[in-house]
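Before any comments, here is the structure.
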There are 2 protein chains.
Amino acid sequence: MKQRLHTVAIVDDHLLLSGSLEKLINSFDGFKVLFHASNGKELQHKLKANGVAPDIVLLDINMPVMDGFETAAWLNENYPQIKFLALSMEDDEKVILKMLQNGAKGYLLKDIHPDKLKIALSEVMDRGYYHSEKVAATLLHSIQPSNKEVEVKFKENELTFMQLACSEMTYKEIADVMNLSPKTIDGYRQELFNRLHIKNRVGLVIYALKNNIIEI
Amino acid sequence: MKQRLHTVAIVDDHLLLSGSLEKLINSFDGFKVLFHASNGKELQHKLKANGVAPDIVLLDINMPVMDGFETAAWLNENYPQIKFLALSMEDDEKVILKMLQNGAKGYLLKDIHPDKLKIALSEVMDRGYYHSEKVAATLLHSIQPSNKEVEVKFKENELTFMQLACSEMTYKEIADVMNLSPKTIDGYRQELFNRLHIKNRVGLVIYALKNNIIEI
DNA sequence: GTTGTATTCAGGTAAAACCCTCTTGAAATA
DNA sequence: TATTTCAAGAGGGTTTTACCTGAATACAAC
């Protein structure tokens, strides 16, 4: 029985992967790759220029120029009929959640078996979504918060202070930049040191790194 | 004219990539994928078990269990007749050099065009090596050392000091642990601050992180 | 109104961190 | 032997951090 041909677009900056993925997907019965893009901006152009939109977009998260998050948000907004699957290396809980919140119909890890890709594509077309066991488990974990992660929140100013304190600036300089008195800055410092149980600025840098508040 | 079929093995922990790469390579005239492995250990087993060795190994660098460097060294030692190409995301100069020193016949970035892969495989079989323009440029850069990177080395004590300074310890405590006078520790600090052009301990932490002297 | 509570900032102090210069002693080298 | 080099460390200084307590303001809740 002949079924309708589903079209796929691949958005990934690794040409080697997207190129070979095309071969793989074209070998799947009922699927065909329509085009590639190496980042979100390129996808936008091609969608606008092409006239015809794909059924599914495979969307890499780590890309230059316009990354997966932005692209997801844009797709969701402008092409809600396109189903897109996030494609990523890591199974970072926060990242998965963010992509799903941005409308992704599924989350594929790059270490899945190629056969799984066909299953994923088919399920997305049939049921509207696909979730691997691994991702499902991660999601479950996220709604069953472990007793130790207390999910510390920071106010906007605290966050700014932390980021600046993780540079070589003195507190005086930070105060100038944030347009606050050095005494206020000292207040932030004290409050954070107490709350996070740290002894000095090095502790703050370490905390910020461990919690993805800053990057190196 | 019929040419001999060249065999390829793929070592990469991303099944999706290796699986689709297989399709791509099998579509190349004159090449065929013999088997996959998701890390170096698996490659060892399959080579020993298989009896027949591939002509070329495509070797990913970032893998769990046994990474590209170890695998390269082992291949070079035990199967010198197998030509292997390093496959990686980043074009880190040090990494490229290390792989080439370990006997890689070429270095492929994952963002190359699929057609380039065929060229690379062919050239490796014909000429014994393949180097893309990008990698060639990087290599050139490495033998023409830029005036600024002076390849900073550290003495054992300096390294220990740096690692301890990247914790919440005071210099006094570091002096105790290292069994040296606080004044000596202050000397290390001063010397490092000058050499690395940093202003305070936060700068040291950042430097240590960027240069893989410590990890978080 | 009053009672919270959050934000900003002040004064004061001790301890670290930071910086420069100098001595000593041992080892390497001329 | 004389000279240089270098790690360890000291003296003595300034600046920054770190810690405490308390006050003025503002805004919302009771």
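Hydrogens, waters and symmetry mates are skipped; everything else that's a heavy atom, side chains included, is used. Order of the sequence lines sets the chain letters (A, B, ...), proteins ahead of strands, with each chain counted from 1. Just so you know, these numbers come straight off a predicted model, no measurement behind them.
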Could you check whether B:K110 pairs with B:D60 (Lys NZ or Arg NE/NH1/NH2 to Asp/Glu carboxylate O, under 4.0 Å)?
yes

Out of C:dG11, D:dT17, C:dC20, whichever nucleotide has its closest atom nearest the side chain of B:D186:
C:dC20

Taking only N and O in the side chain of A:Y171, is any of them less than 4.0 Å away from OP1 or OP2 of D:dA18?
yes

B:I198 atom CD1 is separated from C:dA17 atom C1', nearest whole Å, by 13 Å

Taking the side chain of B:S181 as heavy atoms from C-beta outward, which of C:dT8, D:dG9, C:dA10 is closest to it?
D:dG9

Can you measure A:K172 atom NZ to D:dT17 atom P for me and round it to whole angstrom units?
11 Å

Under 4.0 Å from OP1 or OP2 of C:dC9: is there any side-chain N or O of A:T184 that close?
yes

Separation of C:dC19 C1' from B:H197 NE2 (nearest whole Å):
17 Å

Distance check needed: D:dT17 C1' versus B:E168 CD, whole Å only.
14 Å

Within this structure, what is the CD1-to-P distance between B:I185 and C:dC18, rounded to whole angstrom?
13 Å

Could you work out the separation of D:dG12 and C:dC18 based on their C1' atoms and round it to a whole Å?
13 Å

Can you tell me if A:K98 and A:Q101 form a side-chain donor-acceptor pair at under 3.5 Å?
no

Of all the nucleotides listed (C:dG11, D:dA8, C:dA17), which has the minimum atom distance to the side chain of A:K183?
C:dG11

Find out whether the Lys NZ or Arg CZ of A:R127 is both under 6.0 angstrom from the six-membered ring centre of A:Y130 and within 45° of the ring's axis.
no

For a quick check of understanding: with a heavy-atom distance under 4.0 Å over all strands, which category does B:N157 fall into, base, sugar-phosphate or nothing?
sugar-phosphate

Taking OP1 and OP2 of D:dA8, is either one under 4.0 Å from a side-chain nitrogen or oxygen of B:Y188?
yes

Can a side chain N or O of B:R189 be found less than 4.0 Å away from OP1 or OP2 on C:dA17?
no

Euclidean distance, atom CD of residue A:E173 to atom P of D:dT16 [Å, nearest integer]
8 Å

Closest approach to the side chain of A:Q190, judged atom by atom: which nucleotide of C:dC18, D:dG9, D:dC20 is it?
D:dC20

Would B:E173 and A:K199 pass as an ion pair if we require N to O under 4.0 Å?
no

Without decimals, in angstroms, what is the distance between B:E191 CD and C:dC18 P?
15 Å

According to a strict under-4.0 Å criterion, is B:K155 in side-chain N/O contact with OP1 or OP2 of D:dA7?
yes

Comparing A:M169 and A:N194 on DNA chain D - which has the more 5′ nearest nucleotide:
A:M169

Decide whether A:D186 and A:Y171 meet the rule of one side-chain donor and one side-chain acceptor closer than 3.5 Å.
no

Take the protein atom CG of A:D176 and the nucleotide atom P of C:dC9, then report the distance between them rounded to whole Å.
12 Å

